[in-house]
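A quick write-up on the structure given underneath.
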Number of protein chains: 2
Amino acid sequence: MTARKKLENELTKEMIIHEAHRHFIAHDYSKVSMREIAKELGCTHGAIYYHFKNKADLFYAVVEHYFNELNLILSECVFQEGNPTEKARNVLIEFIKFGLDHQSQYNYMFMKQDEEIDPLRQNASIESLHQFTKTIQKLYNEQLPNEEIFYIFVSMHGFVSHYAGRVENFEEAREAAERFTQYLIRALEKY
Amino acid sequence: MTARKKLENELTKEMIIHEAHRHFIAHDYSKVSMREIAKELGCTHGAIYYHFKNKADLFYAVVEHYFNELNLILSECVFQEGNPTEKARNVLIEFIKFGLDHQSQYNYMFMKQDEEIDPLRQNASIESLHQFTKTIQKLYNEQLPNEEIFYIFVSMHGFVSHYAGRVENFEEAREAAERFTQYLIRALEKY
DNA sequence: ACTCTTATTAACCAATGGTCAATAAGAGGT
DNA sequence: ACCTCTTATTGACCATTGGTTAATAAGAGT
């Protein structure tokens, strides 16, 4: 059976995700309504429910992209120039940069605890921690205790979640982030 | 003018806060409705709006108590037995304990970024950070750079917000918390 | 008795997430 | 051309929500 030809203005999941994304980066989950999104897509909100089972489902489809993006960023840090220390610090910086440049997403990826959303997101967020640990281990020839890396992760997470909402983007917290990552790496290497 | 005698079943702010508190510790802010609270108080939700200008206002009245409690806990740590290092670590432990034993509240006190709530809470949360800094400084004879203490605060905050939702209470994370605080103090004293 | 203030109700509003029967319209077979 | 199957979409509908407001009840002071 050949795939049915899309009508002129037929809705696709991608179109919906794209539009939803625009709204979720601008406003909190609870402030974004399915009707708003539908309006801008030129359809009724009922149509969205044909493609996504509910609001949380649509939201997760949006956030999933960000997990992929973050994992990519982290894994690419290894191939940049510099010694292990510099590279490791860069991993931290990039993580923080991601967190502060995509605050709403970060919020949902790592912070928000909401039954409505959580089951879907749990795995992806653990996966990201794994990715982070693996990356750092590689830089230090697997010599560090995983626990020590976990401490770094947790602390870095604290930095992001503290500055989120207080600054608009990473740039505004760059200096603080640089000092903080220096502090973290120092602690790591003094171990 | 003598204060008007309360009717038999007249509503008081305290009654409302008490009932609201019961709901907010059990469910997320967005899941708690003014009508639920009113129902259990035996009044209509309109009556609550006479005492509190809106839901966020009521919520903050609930959370305010927790800021006071936390500040009290932190300030009392100084008077316990032990050397400065032990005392300092105890401050961290107590902070984490508070965070993990009152997760929903902690969430709103330090994490949630919501225009609806934020303006009210901003000051109190900064105040808590001040309290923390002052306490630690006192223990180390004002010898530390404030920035270093801030790093500890941020990291500790990261620990709490990572474990929140993953454990039920402080007890379940006690061992991890003890190792983590050791790590933090070590980093602080090696400065 | 009258007035003032305080507290509460009940009806109302606009908005929300979600459901569903009805329907439009392409695809395939006859 | 006609019928049928499937897919996509509408629009009416529902319960629930935060919030507003006119009406009202009732104690206090004069």
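Quick note on labels: first sequence line is chain A, next is B, and so on, each numbered from 1.
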Check your understanding: Rounded to the Å, how far apart are A:Lys53 NZ and C:dG17 P?
Key -> 15 Å
Review point. Can you tell me how far P of C:dA10 sits from NZ of B:Lys39, to the nearest Å?
Key: 14 Å
Using nucleotides 12-16 of chain C, report all nitrogen or oxygen pairs with the protein that are shorter than 3.5 Å.
from	atom 1	to	atom 2	distance (Å)
C:dT16	OP1	A:Ser33	OG	3.3

Check your understanding: Tell me, which pairs form a side chain to side chain donor-acceptor pair (under 3.5 Å) where one or both residues lie in residues 69-81 of chain B, sequence neighbours left out?
Key -> B:Asn71-B:Ser128
Exercise for review: Return the value, rounded to whole Å, for the distance between atom CD1 of B:Ile48 and atom C1' of D:dT20.
Suggested key: 15 Å
Study note, to complete from the structure: To the nearest angstrom, the CG-P distance between A:Asp57 and C:dT19 comes to 12 Å
**Study point:** Test side-chain contact (heavy atoms from CB on, under 4.5 Å) applied to A:Asn83 - qualifying residues, sequence neighbours left out
**Key:** A:Thr85, A:Glu86
Point to revise | Between D:dA25 (C1') and B:Leu11 (CG): distance, integer Å | key: 16 Å
**Study point:** Any B:Tyr50 side-chain N or O less than 4.0 Å from OP1/OP2 of C:dT8
**Key:** no
Exercise for review: Looking only at non-hydrogen atoms, find the nearest pair between B:Tyr163 and B:Ala173 and report the distance.
Suggested key: CD2-CB, 4.1 Å
Point to revise | Integer-rounded Å distance: C:dT9 P and B:Tyr49 OH | key: 15 Å
Practice item. Measure from CD on A:Glu10 to P on C:dG26 and round the result to the nearest Å. Key: 10 Å
